Amino acid sequence: MPEIRQSIAQHYHERTKYDPETIGSKNHQLDWENQPIPFKEYKVGTTIDLKPYLQEKINLGKDSQEGENLSNLLVCSYGLTGKITTIMGTHYLRAAPSAGGLYPAEVYLISRGTTLLPPGLYNYQAKTHSLLRFWDNRTWPELQDACFWHPALENTKLAIAITAIFYRSAWRYEDRAYRRIFLDTGHLLGNIELASAFSNYRPHLIGGFNDEAINQMLYLDTTEEQAIAIIALADLLDIEQNLPLWQTALPSGTQTDYPMVADGELLKYLHEATHINSNSPKVPAWKTQETPEYSEDKYNFPFCTKVSTVTPSILWGKDLEGLRKTILKRRSTRTYTGEAIALKELLAVLDFTYQPHHYFNQELDRNPDYFDLSLIETFIAVSGVDGLEEGCYYYAPMAQEFRQIRFKNFQEELHYLCLGQDLGRDAAVVLFHTADLKKAVGKYGDRVYRYLHADAGHLGQRLNLAAIYLGLGVSGIGGFFDDRVNEVLGIPVDEAVVYITTLGRPQ
């Protein structure tokens, strides 16, 4: 009986794994003469300056204005938050973290027509904190049609489109950049979700759309840039727009009949193989969804040590002012001291990340949108947590408990697994987001590869912000020896490692 061939998403994942025996061949010299610029320019268009609308204090009242709400949302989602002078010039930092500081995403606004924004298409110019209106015709019906008439777009007047300029990340990370692009997208989605809570918006994530139609609507050069997510923005000051949760993800095809794709071409081939287009099967009616749930405690190991993770929730302050300040000051930690953190600190970080319903009385009065959290699992390697034994644990968010699967200090192994990065060795805790890729492809087709990494990045951004607020250090890691992680830590072999986040005492 012939062997069943892997889908293109599975093939891509295998092809882009790092392995000790082949890692040397994946190191390439950076082409500094063609270093990508992380800002998109337009030769023509009308500029709307958002800087005059920036406010020192959050205003969640009825008297807040569209300009200040939109300005607040965009600066806290993807705005500039600092700059570093280097030998190559000035490097700008943004509210959302990005692998290598390459910022592959572009943010667009589609307006149906509001007091501030006439109908048309707008690009967010982060460098000047402004919107550039580059198309002034009504495009909302095109957007609705491209999103298969998603109900969240029926009464809303604004939508965000996130695109990726692939070369910005591929310049450094080559084909593996696709993973990092969607992790970065997840960071950005996390910021949009949280910043909306103190900007009088409710974002509705849409991952199932006609790729070609959205690309054409935004006038993208698809050899360089393509759409990767849509977010309908409901104005919470308009009662009629306080919409229910809707389904966010749709399946694509599953491609097993693909040619041998050359290195350097694999990223773009995978992305276009995961398109949904006019030839795709008829899209069923969009469904409302219940509160998003994690998997039903997939790994309940017999006789394992179990530790409750129930804990008091983080208090973000009046009108979430503490959250806003944290978003704007967040930085990825470069070095850890190696000192232990307290168990209550770890539990508070996990509570904010995985138990959003605990924050109903702090203005975060809704669950965030993910594509499908039931596909994501979390394992935690503990090296230095006062009150928690060293070892590797499975974290069961529904049961709110740790389940120990290995008894050992893994610091040296983590240093090795994270490609010799000291962050892995010196962190008090290393979290691993994983997914059963075969099962996930069976549910959503190859497009699920986007969903998995975006959801892991979204969780990662909540981890980032909670850790920073509590005075901890935190940093994501996208480069690691994929298969060795499972072997060393005892993570089931079916679980593909999607993302790693480190926590510890900052240097």
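Everything numeric here is computed off the predicted structure, so don't read it as measured data. Quick note: residue numbers are just sequence positions, from 1.
- A cation-pi arrangement, defined by a distance under 6.0 Å to the six-membered ring centre and an angle within 45 degrees of its axis, is absent between R172 and Y103.
- Taking 4.0 Å as the cut-off between side-chain N and carboxylate O, D184 and R94 do not count as a salt-bridged pair.
- The number of heavy-atom neighbours closer than 6.0 Å to NZ of K83, taken from other residues, nucleotides and ligands shown, is 12 or below.
- Remark: S332 OG to I468 CD1 distance equals 8.0 Å, nearest 0.5 Å.
- Proximity of the aromatic rings of Y12 and Y449 is defined here by a centroid distance below 6.0 angstrom, and this criterion is met.
- No donor-acceptor distance shorter than 3.5 angstrom exists from the side chain of D49 to the backbone of S130, with no hydrogens or angles considered.
- A salt bridge links E106 with R168: the closest approach of a Lys/Arg side-chain nitrogen to an acidic carboxylate oxygen falls below 4.0 angstrom.
- Side-chain atoms of E193 do not come within 3.5 Å of backbone N or O of L189 as any donor-acceptor pair.
- The structure places CD of E212 at 8.5 Å from NE2 of H275, a figure rounded to the nearest 0.5 Å.
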ring-ring contact (aromatic ring centres under 6.0 Å, His included) between Y451 and Y444, intermediate numbers included: CA-CA 9 Å; Y451 302 154; Y444 288 107; 5.6 Å; yes

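- When each of K17, Q10, H11 is checked for a side chain to side chain donor-acceptor pair (under 3.5 Å) with E14, only K17 meets the rule.
- Here the side chain of Q421 pairs a donor or acceptor atom with the backbone of C418 at under 3.5 angstrom.
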side-chain hydrogen bond (donor to acceptor under 3.5 Å, both in side chains) between N464 and Q461, intermediate numbers included: CA-CA 5 Å; N464 289 339; Q461 184 62 351; 2.8 Å; yes

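- The distance between the ring centers of H129 and Y53 does not fall below 6.0 angstrom.
- Ring centroid separation for the pair Y258 and Y269 does not come in under the 6.0 Å cut-off.
- Counting heavy-atom neighbours within 6.0 Å of I37 CD1, excluding the residue itself, gives a total of 12 or less.
- Under the 6.0 Å distance and 45° angle rule, R462 does not count as a cation-pi partner of Y469.
- Surrounding NZ of K268 are more than 12 heavy atoms belonging to other residues, nucleotides or ligands, all under 6.0 Å away.
- With hydrogens and angles disregarded, a donor-acceptor distance shorter than 3.5 Å links the side chain of D446 to the backbone of A9.
- The pair R202-D369 counts as a salt bridge, with a side-chain nitrogen and a carboxylate oxygen less than 4.0 angstrom apart.
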